[in-house]
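Notes for the one structure printed next.
One-based numbering along the sequence shown.
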Amino acid sequence: MKSYKKITFLLLLFFGSVLFFPSLMWADAADAPTTAGDKPLQVHVLDNGSVEILEKTKQVLFIKPLVYTSQDWHGPNGRSWYVVSGQAPNLQVKFSLPNNVSANLKTSIEVLKSGIHVRYSLKPSGLAQVLRVAAQLDFLYDDWAGGPYQMGSTLGTLPGAQPLDPELDLAHSDDSFSLGPSSTFGDLTVNLKTQGLHSTFYSSKWKQRFYVTLSHNEPTDKAWEWKAGEEKVYDFTVSFNRKLVQQPVSYEPKRPFPYREEDVTFTNEKAGVTLAGTLTLPNQGGPFPAVLLINGSGKNTRDGLGWPHRFLVLSDYLTRHGFAVLRYDKRGVGSSSGDYDKATVGDFAEDAFAGFEYLKHRKEVNPLKAGLIGQSEGSLSAPMVAARSKDAAFIVLLSGLGQDCKTQDYIEWLRQWKVERRSDEYIAFNTRIYNRVMNELVGSQNEAEAKSRISKVIQDEMAKKYDSKELTELQSAVPKWADYPFPYSNYKYFENYDPRPVLEQVTCPVLDVAGGKDLCVPPDVNIPAIEKALKDGKNPEFTSKVFPDLNHTLIHTITGDWEEWSDDFPKPYAPEVLEYVTDWIEKHMK
């Protein structure tokens, strides 16, 4: 739920920009296996040079270039996608390393008959201290890779070799390396061939996936000097027993749309804030049933945070099915005025109320069939609007919150730690830090006081002596908690907020759609709380729907881990969510 947690991880996933360069020539496509299944796979290239393989809309393989220094992993990131077409895309990206050193990355991809040929070329602009330069392949799904360590006895086992440990060098060859015939995942077989690279297999004890890291045989126990202009080239082929095709997966709708778009503004007069948004209207008929979309946490524009823009996808789907839809930039974001950092959930709800009033009074809208959809943090705002505006026809909560937010916040952290398989010592240590930090936040009267009090907590924790090696290591990360509960206004409001009294005042039909692997707002504790509050308020019209394999952002996932809904693995709402929500609204409008 919290944007801080997403941003913390995204800082490890790197940023970059892109230029196109002339294409390179590649090995003969006839070198690739020719066996093809009846369910072709698709290849996409990220504008940072990374590559993904998709089975329909499910990502099954992700390849990315990385540089590891003593300070962390580094590399480019991007949010725009290029579909591999007849000519191989050749991308160049510049990204930052420590000590004001930049690195230049060139990527070239060729689609063979049933595989892809990838070449990464990296050069630093100055003298860099690094531990490893690598290309990393992530196999993401259980039905491909099995659970942690499951593949250790088969994947990459060489003739006469012992079964693999969780982390073990597989081979170092001047010619080529293959994972071998036993690297079969479901009905797919992957063969990885590299030229002159050192390959390491790693199955994470935290994540239900495994990695193959390709690197030059550099020392990993101490930093080495990577000189300016010194080139590292990673040249390898990943082939499948299925045909690879070049058709794109349509993540975002493309203009021109078969409906009308209008840029609009509306005003929260109480706060003196003007919100800017987009109203979409079907071309024919009217007045139309209508929906206001209320975004989740973070500095979201009308289209949504990151890419693909989920609110654009949702708006497009609803409008194509006959709804007028209003989506807008949050306060202080995009073209909307105001100060995002000083706003609370209550302030965002006031903005949403102003948007709902504007929407209902449009001549193209049937005010008796207007409702709200709130995502995550927006699921707190939607009931506030519906309780105040008694003519709301319905509300839909996407990953809706139903329990007090202080409890919810801690459960979010706890479930993330557990899915990462953290030790009891780790959980107990961080639970204590979390409680101390949040108590100081809630007990403070202003931001300056909160920062001062939290700083004292951190100083106290850093001064403690531990016999445990693990606790000593954990102690070094304590200062990171100083950034967590900010911006101050919204976090303090959130920690003190309980949505149940407001839910008791909602009289219109309510739908809550949740992911069974949502670690942030787990449905097993939130859906019963929502249902009880509505029943206490004598509202009989509550429907809940849990999609077992979806996460907090309602996309397909392995574990629900925050890492799996980062910008490195972008997906829109699962299609079944869009269909279910639309059908439910059509059946429950007043």
Tell me which donor-acceptor pairs under 3.5 Å the side chains of residues 529-538 have, and how far apart each pair is, sequence neighbours excluded?
from	atom 1	to	atom 2	distance (Å)
K532	NZ	D536	OD2	2.9

[X] and [Y]: side-chain donor and acceptor closer than 3.5 Å?
{"X": "T301", "Y": "D303", "value": "no"}
{"X": "Y491", "Y": "E447", "value": "no"}
{"X": "D351", "Y": "N268", "value": "yes"}

Is there a side-chain contact between [X] and [Y] (heavy atoms, below 4.5 Å)?
{"X": "E377", "Y": "L401", "value": "no"}
{"X": "R388", "Y": "E350", "value": "yes"}
{"X": "Y340", "Y": "R331", "value": "no"}
{"X": "Y358", "Y": "V264", "value": "yes"}
{"X": "K451", "Y": "Y488", "value": "no"}
{"X": "V437", "Y": "P485", "value": "yes"}
{"X": "V506", "Y": "C508", "value": "yes"}
{"X": "S315", "Y": "L293", "value": "yes"}

Gap between atom [atom2] of [Y] and atom [atom1] of [X] - 0.5 Å precision:
{"X": "L275", "Y": "F266", "atom1": "CG", "atom2": "CZ", "answer": "4.0 Å"}
{"X": "L372", "Y": "L397", "atom1": "CG", "atom2": "CG", "answer": "10.0 Å"}
{"X": "Y573", "Y": "L314", "atom1": "OH", "atom2": "CG", "answer": "5.5 Å"}
{"X": "L503", "Y": "D512", "atom1": "CG", "atom2": "CG", "answer": "9.5 Å"}
{"X": "M438", "Y": "K492", "atom1": "CE", "atom2": "NZ", "answer": "11.0 Å"}
{"X": "D498", "Y": "R500", "atom1": "CG", "atom2": "CZ", "answer": "4.0 Å"}

For a quick test of reading the model, state the closest non-hydrogen atom pair linking [X] to [Y] and the distance between them.
{"X": "F323", "Y": "T582", "result": "CE1-CG2, 4.2 Å"}
{"X": "S337", "Y": "G272", "result": "OG-O, 4.4 Å"}
{"X": "L281", "Y": "Y259", "result": "O-CB, 3.2 Å"}
{"X": "A450", "Y": "L441", "result": "CB-CD1, 4.3 Å"}
{"X": "P523", "Y": "P528", "result": "O-CD, 3.4 Å"}
{"X": "I454", "Y": "A482", "result": "CG2-CA, 4.1 Å"}

Main-chain N/O of [Y] paired to [X] side chain as donor or acceptor, under 3.5 Å:
{"X": "D347", "Y": "T344", "value": "yes"}
{"X": "N283", "Y": "P258", "value": "yes"}
{"X": "T278", "Y": "D263", "value": "no"}
{"X": "R302", "Y": "R327", "value": "no"}
{"X": "N490", "Y": "V345", "value": "yes"}
{"X": "S399", "Y": "H552", "value": "yes"}
{"X": "S444", "Y": "N446", "value": "no"}
{"X": "S336", "Y": "G332", "value": "no"}
{"X": "S379", "Y": "Q375", "value": "no"}
{"X": "N366", "Y": "P289", "value": "no"}

For Y410 and Y434, I'd like to know if the aromatic rings sit close, meaning centre-to-centre distance below 6.0 Å.
yes
With a 4.0 Å cut-off on N to O distance, would you call [X] and [Y] a salt bridge?
{"X": "D316", "Y": "R320", "value": "yes"}
{"X": "K369", "Y": "E586", "value": "no"}
{"X": "K406", "Y": "D404", "value": "no"}
{"X": "E357", "Y": "K360", "value": "yes"}

Worked check of side chain to side chain contact (heavy atoms under 4.5 Å, CB included) between N551 and L519
CA-CA 7 Å; N551 66 8; L519 304 180; over 6 Å; no
I395 vs I373, side chain to side chain contact (heavy atoms under 4.5 Å, CB included): CA-CA, chis, key distance, verdict:
CA-CA 6 Å; I395 61 173; I373 298 178; over 6 Å; no
Distance under 6.0 Å and angle within 45° of ring axis: K545 vs F547:
yes
Test ring-ring contact (aromatic ring centres under 6.0 Å, His included) applied to Y497 - qualifying residues, sequence neighbours left out
Y493
In chain order, what residues pass the ring-ring contact (aromatic ring centres under 6.0 Å, His included) check against F542, with sequence neighbours excluded?
none
Taking it one step at a time, do I555 and R310 satisfy side chain to side chain contact (heavy atoms under 4.5 Å, CB included)?
CA-CA 10 Å; I555 64 175; R310 293 185 179 92; 3.9 Å; yes
Determine, step by step, whether N295 and F311 satisfy the side chain to side chain contact (heavy atoms under 4.5 Å, CB included) criterion, reporting the C-alpha distance in whole Å, the side-chain angles of both residues, the deciding distance to 0.1 Å, and the verdict.
CA-CA 8 Å; N295 243 311; F311 263 30; 3.5 Å; yes
